[in-house]
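None of the values given here were measured: they were computed from a predicted structure.
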Number of protein chains: 2
Amino acid sequence: MLPNINIQVNANTHIKDPNSSELGQKIVATSIEMIDELGYEHFNFRKLGKQIGSSEASIYRYFESKSKLLLYLTGWYWGWMEYKLLIRLTNIESPADRLIRSIKLLTEITEDDSIFLHVSEKRLQRIVIAESSKAYLNKEVDNENQFGVFSDYKRLVGKVSDIILEINKNYRYPHMLVSTVIEGSHLQRHFAKHLPRLTDVDQNEDLITAFYIELVKKALNLK
Amino acid sequence: MLPNINIQVNANTHIKDPNSSELGQKIVATSIEMIDELGYEHFNFRKLGKQIGSSEASIYRYFESKSKLLLYLTGWYWGWMEYKLLIRLTNIESPADRLIRSIKLLTEITEDDSIFLHVSEKRLQRIVIAESSKAYLNKEVDNENQFGVFSDYKRLVGKVSDIILEINKNYRYPHMLVSTVIEGSHLQRHFAKHLPRLTDVDQNEDLITAFYIELVKKALNLK
DNA sequence: GCAAATATAATAGTAATACTTTCAATTATG
DNA sequence: CATAATTGAAAGTATTACTATTATATTTGC
């Protein structure tokens, strides 16, 4: 346990910081379980309230809407990824190595090796894979974007893009490459499970990570 | 007008073929306009009925649900794309040329040069970009997939993957590459409009198509 | 040209959802 | 210990996604 480490999520995703109380933490932990199991559409605050033995109205005092809760969870995930990235790149000098390690982290299945989490990282990753795009694929995106609710994601993409520019400062598509890899690998994980004809799966190997690493290397003429 | 050409969409997306009546065609044409303008979430059959001067219940005789209508529209789009692909590849011999032409078609902004459409292709493409993933990012996907409602999309991905295998029969990720390019280019279009820090945009050039063509060429060591 | 089948309109209704409001009870804080 | 802040309980609202019913058109088969 490292109680002094805390993932900071953009404040406009929540009314009241869920870290500040037991109820808030329970809302977050239990909503991750429930969204993973029911899916975002079938999940609601009434069911969540019932599960944690609390009232619907109390949940609304932490999150103004179901979509803000989703934004909080995804923001938390990207913050957590950024922290993991920091650790994985510590003492790695070569920009090419740093990039490949980053791509690996961003495309791999997360393990539940969390040092301070009361919640399952694996579940949260499944939520990000299956649900996170619903947070920006709507007509409210511009409005919400003004309030910075996507900033955690953008910052992470920016950091990896910077490594690309270190390798080749003339490369024209650093952000496109990174967001293509992140979102692409999520989609491929979903396809592998549900629409396998859209991907190329293998029981024994993680071809998804292998594919994106190869793609990035070739895009940048590495190795 | 080529009245003898008709895009066939998987029959499990609709109860009654909307091509078979004037009302059916009006449902399709008007729903495209309205989903494009309101977004999938704010669109519903009551509003659609009002717009076309018809009753909600009548629409339900063509489509059993809002999500089936979305599946019909996207299925139609992929069928239409397959037809366009057929034309664009006619008389082109070289597999590499065929592939690049395919990638171009799949990543470009569609023009309204339709020869038989009563509806806007551009609008439909915007719907596919912003809404189509909602059709499979849910807990119902396996159920619906059983009934073949995604077959039009899979078939198209399969065809382009076959071109890749013609170029290099040992390439391990043909489907992954194609679905990454299609879905990736859609996402980048969305990001360019709403979350530009996640992409690399330029007012004057179509960098999205350029990026994916370069990506594919490098992935397969072309040119 | 007319009966029978089919398609559509009109209307009302249902269960669920995404919140909101109010007020009382509880708990934390200074 | 008093005051403020938090939570619970309960009821209520507007909307949505869809169903059911019945009446009226429209098409089709003969």
Nearest-neighbour nucleotide for the A:L23 side chain, C:dT8, D:dG8, D:dT16 considered =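 Minimum distance to the A:L23 side chain belongs to D:dG8.
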
Going by number, which of residues 58-66 of chain B have a non-hydrogen atom under 4.0 Å from DNA chain C?
->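 Going residue by residue through residues 58-66 of chain B, the ones with a heavy atom under 4.0 Å of DNA chain C turn out to be B:S58, B:R61, B:Y62.
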
A:H186: partners by ring-ring contact (aromatic ring centres under 6.0 Å, His included), with sequence neighbours left out |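 With neighbours one apart ignored, the set is empty.
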
Please identify each residue that fulfils ring-ring contact (aromatic ring centres under 6.0 Å, His included) with A:F191, with sequence neighbours left out.
->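 Expected list: B:Y136.
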
Rounded to whole angstrom units, what separation is found between the [atom1] atom of [X] and the [atom2] atom of [N]?
X: B:L48; N: C:dA9; atom1: CG; atom2: P; value: 12 Å
X: B:H42; N: D:dA14; atom1: NE2; atom2: P; value: 19 Å
X: A:F43; N: C:dA18; atom1: CZ; atom2: C1'; value: 12 Å
X: A:F45; N: D:dG8; atom1: CZ; atom2: P; value: 15 Å
X: A:E41; N: C:dA18; atom1: CD; atom2: C1'; value: 14 Å
X: B:K26; N: C:dA7; atom1: NZ; atom2: P; value: 17 Å
X: B:I15; N: C:dT8; atom1: CD1; atom2: P; value: 12 Å
X: A:K68; N: C:dA18; atom1: NZ; atom2: P; value: 15 Å

Heavy-atom pair of closest approach, residues B:S67 and B:E144 |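 Looking at all heavy atoms of both residues, the shortest contact is OG-OE2, 4.2 Å.
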
Note, DNA chain D 5' to 3' with Watson-Crick or G-U pairs under 3.5 Å encoded as ( ), [ ], | and . gives ||||||||||||||||||||||||||||||

I'd like to know if the side chain of [X] pairs up with that of [Y] as donor and acceptor (distance under 3.5 Å, no hydrogens or angles considered).
X: A:Y153; Y: A:S132; result: no
X: B:T209; Y: B:T107; result: yes
X: B:E33; Y: B:S120; result: no
X: B:T199; Y: B:Q188; result: yes
X: A:K154; Y: A:N145; result: yes

Does [X] have any side-chain contact (heavy atoms from CB on, under 4.5 Å) partners at least two apart in sequence or in another chain, and if so, which?
X: A:Q8; result: none
X: B:Q146; result: B:N143
X: A:V28; result: A:P18, A:I32, A:F63, A:Y72, A:L73

A:E111 and A:K122, any side-chain heavy atoms less than 4.5 Å apart =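 Yes; the side chains approach each other to less than 4.5 Å.
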
Donor-acceptor list for residues 156-164 of chain A side chains, cut-off 3.5 Å, not counting sequence neighbours:
residue	atom	partner	partner atom	Å
A:K159	NZ	A:E82	OE2	2.7
A:S161	OG	A:V157	O	2.8

What residues in residues 27-36 of chain A put a non-hydrogen atom under 4.0 Å from any atom of DNA chain D?
->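 Nothing qualifies; none.
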
For nucleotides 10-12 of chain D, give me every protein contact, N/O to N/O, under 3.5 Å, one pair per line with atom names.
none

Side-chain N or O of A:R46 less than 4.0 angstrom from OP1 or OP2 on C:dT17?
->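 Looking at the OP1 and OP2 atoms of C:dT17, one of them is under 4.0 Å from a side-chain N or O of A:R46.
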
Respond yes when some side-chain nitrogen or oxygen of A:K16 is under 4.0 Å from OP1 or OP2 of D:dT7, and no when none is.
->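 Answer is yes, contact under 4.0 Å.
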
Short N/O separations, protein against nucleotides 24-29 of chain C, under 3.5 angstrom:
none

Between A:W80 and A:Y77, is the gap from one ring center to the other below 6.0 Å?
->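 Here the rings of A:Y77 and A:W80 have centres that are no less than 6.0 Å from each other.
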
Qualifying ring-ring contact (aromatic ring centres under 6.0 Å, His included) pairs, either residue in residues 23-61 of chain A, two or more places apart =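 Only A:F45-A:Y60 qualify under ring-ring contact (aromatic ring centres under 6.0 Å, His included).
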
Basic-acidic side-chain contact under 4.0 Å: B:R189, B:D206 =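 So B:R189 pairs with B:D206 through a salt bridge.
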
